[in-house]
Amino acid sequence: MPPQTRRMAFPKVVIERETDSEQSSSEEDEADVEQEEEEALESENKGKVEEALDEKKKGKAPITISLKKVCKVCKKPGHEAGFKGATYIDCPMKPCFLCKMPGHTTVACPHRVATEYGVVPAHHKSTRNALEYMFERQIRPRVPPIKPAYVIPDQVSCAVIRYHSRRVTSLEFHPTKNNILLSGDKKGQLGVWDFVKVHEKIVYGNVHSCILNNMKFKPASDDTVYAASSDGTISCTDLETGISVSLMNLNPDGWQGQNSWRMLYGMDINAEKGAVLVADNFGFLYLVDTRSNDPTGKPILIHKKGSKVVGLHCNPVQPDLLLSCGNDHFARIWDIRRIEAGSSIYDLAHSRVVNSAYFSPVSGSKILSTSQDNRLRIWDSIFGNMDSPSREIVHSHDFNRHLTAFKAEWDPRDSSESLAVIGRYISENYDGAALHPIDFIDVSTGQLVAEVMDPNITTISPVNKLHPRDDVLASGSSRSLFIWKPKEKCEPVEQKDEGKIVICAGAEKKRNRKLGDGSDDSDDDKFRPKGKNLKSKKSALKSSQYTIKVKR
DNA sequence: AGTCTATGCCGCC
DNA sequence: TGGCGGCCCTAGAC
């Protein structure tokens, strides 16, 4: 149908109509709808129309009003993208949102249909070098041959605590007190929560003035924690007293503009050397002696100059091996005994920003990296070649703003070093609710072992930490914290052909995508799941039968 | 219910 | 090489 002109009395108002009749998806009487639209438009645009007439008198161009349905994503007519209920319809003009390849949409993406499809098999190259020789001799014997059964925390244990006023950026379990979880937020506050006593929590508000990016306990000192922040300082906080001292301040002269303001992101501790290692947003690494609180040597450029170094990790077996990752699309391995700009042992290339990279927790022989290109990568120094990843697993965690960066983390208790946990960005339509699961992935096969979700948790959970000693998962989602435990008191877990379990608490109710918050805005304790239908912790726990459903 | 926004990276010019 | 606009499912405050 060609564009029509309406109402000859207003000759220069051009209405463009939907031309693609195939797209008429609705059973409604379209003529009526269009009639209404026309009337509405007419009255709405009367002013404009008069203007148009005036302008016409002055000899100006006519106004064109489009009634075409236009895709919100690509702005082109003929199709629509966006949520239909709880299912997101991709724009066919864009590459797949999940794997980034053209030719299909997310719904049809082979990686979504079966995650193992996206796994690149391991290389079996036999190149030898000093690092591999060391791993073979010292570490290989420690790698257990048998993979134990996974214990997946699957049930929200003590619901929600919401004491942070901004989104959660960092979580850490206490090294000896099993019930204590530390949390840091975008505002720089440090929370200490006893998640068994639930109501016992402390929030230290003066530790940092902006984003608390990383924290680590001081070795052999249970109640002292270091934290690195975008305010450019390293803090050392006594958890009992809340007294915090600054180990280093990279912005002693205060704000001199964003070109000079230094922010600290990656941090780890080398216990042997008694050093805190931190890295900034300009590509530099700093070593600080924990006894003297003085920097050791000069800052060292370890990533592209001017780029953010977001992660540092010392090898659990060989603490002199340092792993760094950052915005220059690389993760790099260093020997801190001989570290200088350009002296990296390996440069692990990624196609986009690397959110995190961690050595495996037991042998330290594998590396798990999370990149903004929607892929998890496994780099295996024993069976693989560090020139390329031994596994690439397509997984939705690409989001560039508003959320804390997703980081895949190893299960610290999995001696086979194959289980990883990471939150998922893309939602799953679960009984009409769009939920964002927390994924447990067997990185040795690429299989999704479990997707953990709860209808009360409608927000994305980018921050996840598995307990080093218990079957507990802590999640940070927006401003809230969640503690998950295994479903011991519930029905036995059904397991069907794929072995892919959807774990869900109180999922009987159908809900809309937007559940709403249902809470006031105070920063008081909110020991309850979110959601309008659940007003209190008591009623929430009562109403939840914590059934398990198996996804086919 | 609608509007606004804090903000990070990427690609374009 | 730098500045600027644009984003695919944000979350929460007004």
Practice item. Figure out the NE2/P separation between A/His397 and B/dC9, and round it to whole Å. Key: 15 Å

Check your understanding: What nucleotide among B/dA6, B/dG8, B/dC10 has an atom nearest to a side-chain atom of A/Arg401?
Key -> B/dG8

Exercise for review: When you get a sec, tell me which of C/dA11, C/dC9, C/dC8 is the closest nucleotide to the side chain of A/Ile460?
Suggested key: C/dA11

Practice item. Quick one: sort the A/Phe195 and A/Trp193 rings into parallel, tilted or perpendicular, breaks at 30° and 60°. Key: perpendicular

Check your understanding: Does any non-hydrogen side-chain atom of A/Trp484 lie less than 4.5 Å from one of A/Ile152?
Key -> no

Check your understanding: Side chains of A/Pro153 and A/Phe440: does their closest heavy-atom pair fall under 4.5 Å?
Key -> yes

Study note, to complete from the structure: Closest to the side chain of A/Thr459, out of C/dC7, C/dA11, C/dC9, is C/dA11

Check your understanding: Between A/Asp398 (CG) and C/dT10 (P), how many Å, whole number?
Key -> 13 Å

Point to revise | Separation of atom CG in A/Asp185 from atom P in C/dA11, rounded to whole Å | key: 16 Å

Check your understanding: Is any side-chain nitrogen or oxygen of A/His329 closer than 4.0 Å to OP1 or OP2 of B/dC10?
Key -> yes

Study note, to complete from the structure: Of the listed C/dA13, B/dA6, C/dC9, the closest approach to the A/Arg479 side chain comes from C/dA13

Revision key, fill the gap. Taking B/dA6, B/dC10, C/dC8 as options, the one with an atom nearest any side-chain atom of A/Lys100 is C/dC8

Check your understanding: Are any of the side-chain heavy atoms of A/Asn327 and A/His303 separated by less than 4.5 Å?
Key -> no

Exercise for review: Would you mind classifying the nucleic acid contact of A/Asp90 as base, sugar-phosphate or nothing, using non-hydrogen atoms under 4.0 angstrom?
Suggested key: nothing

Review point. Within less than 4.0 Å of OP1 or OP2 of B/dC9, is there a side-chain N or O belonging to A/Asn327?
Key: yes

Review point. A/Asn429 CG to C/dC9 C1': how many Å, rounded?
Key: 12 Å

Point to revise | Options C/dC9, B/dT7, B/dC10, nucleotide nearest the side-chain atoms of A/Val353 | key: B/dC10

Exercise for review: Using the P atoms only, state how far C/dG5 lies from B/dT5, rounded to an integer number of Å.
Suggested key: 16 Å

Practice item. Please measure how far the P atom in B/dT7 lies from the corresponding atom in C/dC14, and state the result in whole Å. Key: 15 Å

**Study point:** Close side-chain approach of A/Phe282 and A/Arg262, heavy atoms under 4.5 Å
**Key:** yes

Check your understanding: What's the CE-P distance between A/Met93 and C/dC7, to the nearest Å?
Key -> 14 Å

Review point. Can you tell me how far the OG1 atom of A/Thr237 sits from the CE atom of A/Met215, to the nearest 0.5 Å?
Key: 10.0 Å

Practice item. Please report, rounded to the nearest Å, how far the P atom of C/dA13 is from the NZ atom of A/Lys187. Key: 11 Å

Review point. Side-chain N or O of A/Lys94 less than 4.0 angstrom from OP1 or OP2 on C/dC7?
Key: no

Exercise for review: Determine if A/Tyr88 stacks with C/dC9; use a centre-to-centre distance below 5.5 Å and an interplanar angle below 30° as the criteria.
Suggested key: yes

Point to revise | Presence of donor-acceptor pair under 3.5 Å, side chain of A/His402 and base of C/dA11 | key: no

Review point. Taking syn as any angle within 90 degrees of 0 and anti as the rest, which one fits C/dC9?
Key: anti

Review point. A/Leu435 has an atom CG; how far is it from atom P of C/dT10, in whole Å?
Key: 14 Å

**Study point:** Gap between atoms CG and P, on A/Asn355 and B/dC9 respectively (whole Å)
**Key:** 9 Å

Exercise for review: Look at A/Ser478 and C/dG12 and indicate whether a side-chain polar atom (N or O) is within less than 4.0 Å of OP1 or OP2.
Suggested key: yes

Point to revise | Nucleotide nearest A/Arg352 (side chain, heavy atoms from C-beta), chosen from B/dC9, B/dT7, C/dG12 | key: B/dC9

